[in-house]
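First comes the structure, then the notes that go with it.
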Amino acid sequence: IGQPAHADKIALFFDIKEPFTTPQTPMSTTYLNPKDKNPETNPLYRPTCQDRYRQGIGLLLYILKTKQTTAFAINILCTKTSDPREADWEALVRVGKYIVGTKHQRLRFKVNDKKSRLQALEIIGYADASTACHEDGRPHTGFGFSLSEGGPLFYARSHKQPLVTL
């Protein structure tokens with residue numbers, strides 16, 4: 001299962017041209033804890049085009065079905081759609097580069113022998129819910145689940161609950 005054609009659309013949108021270095025991870029470890037958030041002294045904290053940012057988020061959301069490794073990064077970047085900064089745009093482009101650079105990596109289900117084909121597919125599921133405090137200081141309650149067939153993970157989904165009551 002893969003989406004190389006959609007990865008090509010992402011490359012076109014973000015103007016990613018060969019050769020480029022594929023990031024090892026979708027998000028930088030320094031993105032969430034920058035040293036200087038002042039837009040006057042740090043150009044990465046100047047506002048960026050909100051419409052273009054939202055279009056980029058939309059392109060990346062579509063590929064989550066086959067690139068679960070980008071789920072955390074895209075989730076964090078989705079929280080910035082109301083007031084994106086240049087640093088957020090750079091992080092979005094990094095996720096785009098990661099997707100384009102890994103577009104030939106796919107989810108693959110393989111049956112080793114004929115006897116295995118006749119056996120029922122055993123699907124294993126895990127679910128979790130947590131309450132955490134986001135960098136904006138507001139609590140967020142989230143729920144997620146993942147599915148596997150006894151081997152690698154093949155589907156994952158998470159979302160924030162819209163209402164939290166105590």
#### Entry: Asp8 vs Lys103 side-chain heavy atoms within contact, under 4.5 Å
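Yes. Closest side-chain heavy atoms under 4.5 Å.
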
### Message
Can you tell me how far apart OG1 (Thr48) and CD (Glu90) are? Round to the nearest 0.5 Å.
### Response
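Rounded to the nearest 0.5 Å, the OG1-CD separation comes to 8.5 Å.
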
### same_hphob_cluster(Ile99, Phe20) at 4.5 Å side-chain heavy-atom cutoff
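Yes, Ile99 and Phe20 fall within the same hydrophobic cluster.
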
### Message
Please determine whether residues Phe72 and Tyr62 belong to a single hydrophobic cluster, defined as Ile, Leu, Val, Met, Phe, Trp and Tyr linked transitively by side-chain heavy-atom distances below 4.5 Å.
### Response
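The answer is no; the residues belong to distinct hydrophobic clusters.
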
### Task
Please report the shortest heavy-atom distance between His6 and Leu59, naming the atom on each side.
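Closest heavy-atom pair between His6 and Leu59: NE2-O, 2.8 Å.
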
### Task
Provide the closest heavy-atom pair for Tyr98 versus Thr25 in the form atom of the first, atom of the second, distance.
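For Tyr98 and Thr25, the tightest heavy-atom pair comes out as CD1-C, 3.9 Å.
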
### Query
Picking from Ile10, Ile74, Ile57, what satisfies side-chain contact (heavy atoms from CB on, under 4.5 Å) with Val95?
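Filter result, single survivor: Ile74.
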
### Task
Any chance you could lay out the side chain to side chain contact (heavy atoms under 4.5 Å, CB included) test for Leu60 and Cys78, step after step, and finish with the verdict?
CA-CA 10 Å; Leu60 298 183; Cys78 281; over 6 Å; no

### Message
Pair Asp88, Tyr31 - check side chain to side chain contact (heavy atoms under 4.5 Å, CB included), show working.
### Response
CA-CA 8 Å; Asp88 304 324; Tyr31 172 75; 2.4 Å; yes

### Query
Quick one: is the NZ or CZ of Arg85 closer than 6.0 Å to the six-membered ring centre of Tyr53, and within 45° of its axis?
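No cation-pi geometry.
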
### Message
The test is side chain to side chain contact (heavy atoms under 4.5 Å, CB included); show your working for Thr22 and Thr102 and say whether it passes.
### Response
CA-CA 8 Å; Thr22 302; Thr102 59; 4.3 Å; yes

### Task
Give a yes or no on whether the backbone of Thr81 and the side-chain of Gln50 come within a donor-acceptor separation of less than 3.5 Å.
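Yes; judged by distance alone, with no hydrogens or angles, the pair exists.
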
